[in-house]
Amino acid sequence: MKAGLVRILEGNKFVLSDGCGDMEATPMLPAGYFSFDTRFLSLWRLTVNGERLHTLAIDDAQYFEVRFFLVPGAQDQYLDAKASVIRERSVIDGFEERLTVLNHRAEPADFTIRLDADSDFAPLLQIQRQPVGRLYRHVEDRCLLLGYQRDRFQRETHIHTSEPAQIDERGLTYRFGLGPHEQWSTTLRVSDLVLRPDREDVRNHLLPRRARDRRQLEHDLDEWLDEAPTLQCDWEPLTMTYRRSLVDLAALRYLPLTLPDEAMPAGGAPWTATMMGRDSIFTSLQALPFASDLAAGTLRMLGTEQGTVLDDFRDEEPGKILREFRYGEAVAFEERPPSPYYGNADATPLFVILLDEYERWTGDAAMVRHFEDEAR
């Protein structure tokens, strides 16, 4: 990943932006909002009264949210800013951003806020590829709809705003005035939809989602930390490093669609934020003393997707453990094989090793009995 990009993630959804929060994808800069191996936003650019923004500070205390503190205009305006902007962004069951504009003047001021938005719906595995299908866009009530369709493969990005805006096919514009030291806010909600053109209810999700809000994610993270072994020592940096490592491990948790209540470690953000046989097994092995549930989820998922037939395209053989599992356009049209792909030599013996080590650390012999046939 290119250095300097700000990243937030949750499951296999993630956002990559610059230090101001803008996303402007280029062939050399893989910025955007990604979900299920598809980029649903490739442009997300904010201006205030026609001026770009500069960063004062970034608060990224949580892996699933970030705040940008910004000022419009040149950098020499930092010490005497007449206005400032706060972008509060999260990727929780979708992508959400709250914009707050503050007037620091002692007199009223008028503001024009412009948010340019676009999507190329590029597949994650071929991020530099030009769209093969048809891109479309139109405006609905308080919503900008961006879409892409290629045969039966259809994806849409819906951008909703909580405050009235002038919406066109290229973005949203807000015009308002603020009194002395007043502020204005709006919340932008970006929904990524996977559609089925052959159904009447095409606005429905094809893939099941487990909706979660910020409080649930924070509660889930607190439970995760409480269940891990407690480290006590006199050297505070070690305690901080241990806790940070647990949080980073929590950020890697991936909920596969087949087993949506079983967390397993993803390969890593951003490009392997999905099920990866070798990576998931190694992470589960190393985390056994601290979070054995990750190993349980990994064993159940990889055991469920174990190879059963001979398939040269996917390098599948009976008994093999997958290398990776992907979604997206390249997989849907079998331009690439990982749906799943079994082309590796080490995940299969590593699966047996993980099963044995899991029982040694947890005493859960029932898991071994359950996967006896897969292991043999």
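- Residues Arg114 and Thr173 have side chains that bring a donor and an acceptor to within less than 3.5 angstrom of each other.
- For the residue pair Tyr174 / Thr161, a side-chain donor-acceptor distance below 3.5 Å is found, with atom types taken as modelled.
- Within a 6.0 Å sphere centred on CD of Glu107, other residues, nucleotides and ligands contribute more than 12 heavy atoms.
- Tyr342 places no side-chain N or O within 3.5 Å of a backbone atom of Glu317 that could act as its donor or acceptor partner.
- Between atom CG of residue Leu355 and atom CG of residue Leu350 there is a gap of 12.5 Å, rounded to the nearest 0.5 Å.
- With hydrogens and angles left out, the side-chain atoms of Ser17 and Arg89 include a donor and acceptor closer than 3.5 Å.
- Using a cutoff of 4.0 Å between basic side-chain nitrogens and carboxylate oxygens, Arg155 and Asp192 are not scored as salt-bridged.
- Arg189 pairs in a salt bridge (Lys or Arg N to Asp or Glu O under 4.0 Å) with only one of the listed residues (Glu96, Glu97, Glu163), which is Glu96.
- Taking the six-membered ring for Trp, Phe34 and Phe36 have ring centres at least 6.0 Å apart.
- Ion pairing between Asp22 and Arg52 holds under the 4.0 Å rule for side-chain N and carboxylate O.
- Ion pair Arg137/Glu169 not flagged as a salt bridge, since none of the NZ, NE, NH1 or NH2 atoms sits closer than 4.0 Å to an Asp/Glu carboxylate oxygen.
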Under the criterion salt bridge (charged side-chain N to carboxylate O under 4.0 Å, His left out), I'd like the reasoning laid out for Glu334 against Arg314: C-alpha separation, chi angles, the key distance, then a yes or no.
CA-CA 10 Å; Glu334 295 194 340; Arg314 294 177 177 83; 3.0 Å; yes

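- Aromatic pair Phe290/Trp361: ring centres not closer than 6.0 Å.
- The line from CG of Leu217 to CZ of Phe64 is 5.0 Å long, rounded to the nearest 0.5 Å.
- You'll find the side chain of Met301 stays beyond 4.5 Å of the side chain of Glu262, heavy atoms only.
- Remark: Phe282 CZ is loosely packed, at most 12 non-hydrogen atoms of other residues, nucleotides or ligands lying under 6.0 Å away.
- A donor atom on one side chain and an acceptor atom on the other are found under 3.5 Å apart for Ser185 and Thr100.
- More than 12 heavy atoms of other residues, nucleotides or ligands shown are found within 6.0 angstrom of CZ on Arg134.
- Within the 4.5 Å cutoff, the side chain of Leu53 has no heavy atoms near those of the Phe68 side chain.
- Scanning both residues, Glu24 and Leu29, for their nearest heavy atoms gives O-CD2, 3.5 Å.
- No hydrogens or angles considered: a donor-acceptor pair under 3.5 Å links the side chains of Ser35 and Lys13.
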Full working for side-chain hydrogen bond (donor to acceptor under 3.5 Å, both in side chains) between His160 and Ser191:
CA-CA 8 Å; His160 295 268; Ser191 301; 5.2 Å; no

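- The residues Arg253 and Asp220 are annotated as salt-bridged, a charged nitrogen and a carboxylate oxygen being separated by less than 4.0 angstrom.
- Judged by distance alone, the side chains of Glu156 and His158 do bring a donor and an acceptor atom under 3.5 Å apart.
- Note that OH of Tyr33 and OG of Ser42 are 14.0 Å apart. Values are rounded to the nearest 0.5 Å.
- Paired with Ile159 under the rule side-chain contact (heavy atoms from CB on, under 4.5 Å), one option of Leu115, Leu145, Val190 passes, and it is Val190.
- Salt bridge Arg376/Glu372: present, at least one basic N to carboxylate O contact under 4.0 Å.
- Classification of Glu329 and Arg150 as a salt-bridged pair holds, one side-chain N sitting under 4.0 Å from a carboxylate O.
- Side-chain atoms of Thr187 and Arg98 include a donor-acceptor pair closer than 3.5 Å.
- Other residues, nucleotides and ligands contribute only 12 or fewer heavy atoms inside 6.0 Å of the NE2 atom of His219.
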Can Arg39 and Asp120 be said to form a salt bridge (charged side-chain N to carboxylate O under 4.0 Å, His left out), step by step?
CA-CA 7 Å; Arg39 179 159 57 192; Asp120 57 5; 2.7 Å; yes

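- By the neighbour-count criterion of 12 heavy atoms within 6.0 Å, atom CG of Asp312 is sparsely surrounded, having that number or fewer from other residues, nucleotides or ligands.
- Here the side chain of Thr157 pairs a donor or acceptor atom with the backbone of Phe40 at under 3.5 angstrom.
- At a cut-off of 3.5 Å, with distance as the only test, no side-chain donor of Tyr341 or Glu316 sits close to an acceptor on the other residue.
- Here Asp60 does not pair with Arg7 in a salt bridge; the nearest charged N to carboxylate O distance is not below 4.0 Å.
- The closest side-chain donor-acceptor pair between Asp248 and Tyr63, if any, does not fall under 3.5 angstrom.
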List the steps and the verdict of side-chain hydrogen bond (donor to acceptor under 3.5 Å, both in side chains) for Ser284 and Thr298.
CA-CA 7 Å; Ser284 297; Thr298 299; 2.9 Å; yes

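- Rounded to the nearest 0.5 angstrom, Cys20 SG and Leu70 CG are separated by 5.5 Å.
- Between Phe325 and Tyr327, the two ring planes are tilted [angle within 30° to 60°].
- Atom CG of Asp18 is separated from atom CG of Leu16 by 11.0 Å, given to the nearest 0.5 angstrom.
- Contact check for Met275 versus Leu322: side-chain heavy atoms found under the 4.5 Å cut-off.
- Between Glu357 and Arg360, at least one side-chain nitrogen of the basic residue sits less than 4.0 Å from a carboxylate oxygen of the acidic one, meeting the salt-bridge criterion.
- For the residue pair Thr186 and Ser162, a side-chain donor N or O sits within less than 3.5 Å of a side-chain acceptor on the partner.
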